[in-house]
Amino acid sequence: MIMTQEEIIKYKNLYVQTARAYLNDIQHHIALLLKEPHNKDAVEIVHMAAHSLGSQSVMMEYKSIGTLSRLIEKIFRDKKDKASALDSEILVTINACLKRMVVSVYEIEMKNKELDLSVEITQLEQISGVKPEI
């Protein structure tokens with residue numbers, strides 16, 4: 001479902017608020033996973049937060065954040081299904097991606113335009129070997 005410009009403006013503030021909460025949650029649990037790589041609860045929380053952020057971003061037509069979120073979701077779903085620890089290089093890369101996503105949400109709030117995150121998407125795809133599902 002494609003939203004009208006009026007609907008996008010109406011829901012933008014709610015999106016910014018929830019996106020920040022999801023990004024904070026993901027960042028917190030990535031930091032936890034760097035210390036405790038086998039923490040299943042942290043893996044589940046990141047998976048679900050990335051899923052929710054990806055869905056909301058796609059609905060709001062923020063394609064870069066949506067694609068990157070769905071890529072993170074898929075990485076964590078794959079790891080959850082295989083019950084294996086995530087490589088620290090992937091976690092560090094995701095952390096760097098999250099920092100750019102935070103800036104992108106700020107740009108959405110202030111300038112109504114997200115950042116192009118294609119470099120981050122490509123980098124995470126290459127390191128993880130995973131492609132996002134859109």
Next on the checklist: Does anything in residues 46-56 form a side chain to side chain donor-acceptor pair (under 3.5 Å)? List the pairs, not counting sequence neighbours.
Outcome noted: T18-Q56, H51-E73

Checklist outcome for this item: Residues passing the ring-ring contact (aromatic ring centres under 6.0 Å, His included) test with F76, sequence neighbours excluded, are none

Roughly how far, to the nearest 0.5 Å, is the [atom2] atom of [Y] from the [atom1] atom of [X]?
X    : Y    : atom1 : atom2 : result
T122 : L68  : OG1   : CG    : 10.0 Å
I45  : H29  : CD1   : NE2   : 3.5 Å
L71  : S128 : CG    : OG    : 5.0 Å

With a 3.5 Å cut-off and sequence neighbours excluded, list the donor-acceptor pairs that the side chains of residues 88-103 form with protein atoms.
| residue | atom | partner | partner atom | Å |
| --- | --- | --- | --- | --- |
| T93 | OG1 | E89 | O | 2.8 |
| R100 | NE | E120 | OE2 | 2.8 |

Please list, chain by chain and in numerical order, all residues satisfying side-chain hydrogen bond (donor to acceptor under 3.5 Å, both in side chains) with [X], sequence neighbours excluded.
X    : answer
D41  : none
S104 : none
Q17  : none

Checklist entry - Counting only heavy atoms not in K63, do more than 12 fall under 6.0 Å of its NZ? => result no

Same cluster (ILVMFWY, side-chain, under 4.5 Å), [X] and [Y]:
X    : Y    : result
L23  : M48  : no
I26  : L34  : yes
V130 : I127 : yes

Next on the checklist: Evaluate L124 against I75 for side chain to side chain contact (heavy atoms under 4.5 Å, CB included), listing each step before the verdict.
Outcome noted: CA-CA 10 Å; L124 190 53; I75 289 167; 3.8 Å; yes

Checklist entry - Tell me, do D78 and K74 make a side-chain contact under 4.5 Å, heavy atoms counted? => result yes

Next on the checklist: The test is side chain to side chain contact (heavy atoms under 4.5 Å, CB included); show your working for E125 and I121 and say whether it passes.
Outcome noted: CA-CA 6 Å; E125 285 175 340; I121 293 165; 3.8 Å; yes

Can you list every salt bridge (Lys or Arg N to Asp or Glu O under 4.0 Å) pair that touches [range], not counting sequence neighbours?
range            : result
residues 104-117 : R20-E109, E107-K111
residues 24-38   : none
residues 49-58   : none

Item to check | Any pair counted as ring pair (Phe, Tyr, Trp, His ring centres under 6.0 Å), so long as it reaches residues 103-130, sequence neighbours left out | outcome: none

Checklist entry - How close do Y15 and M60 get, heavy atom to heavy atom, and via which atoms? => result CD1-CG, 3.8 Å

Next on the checklist: Working note: V58 + T67, criterion side chain to side chain contact (heavy atoms under 4.5 Å, CB included); need CA distance, chi angles, decisive distance, verdict.
Outcome noted: CA-CA 8 Å; V58 169; T67 300; over 6 Å; no

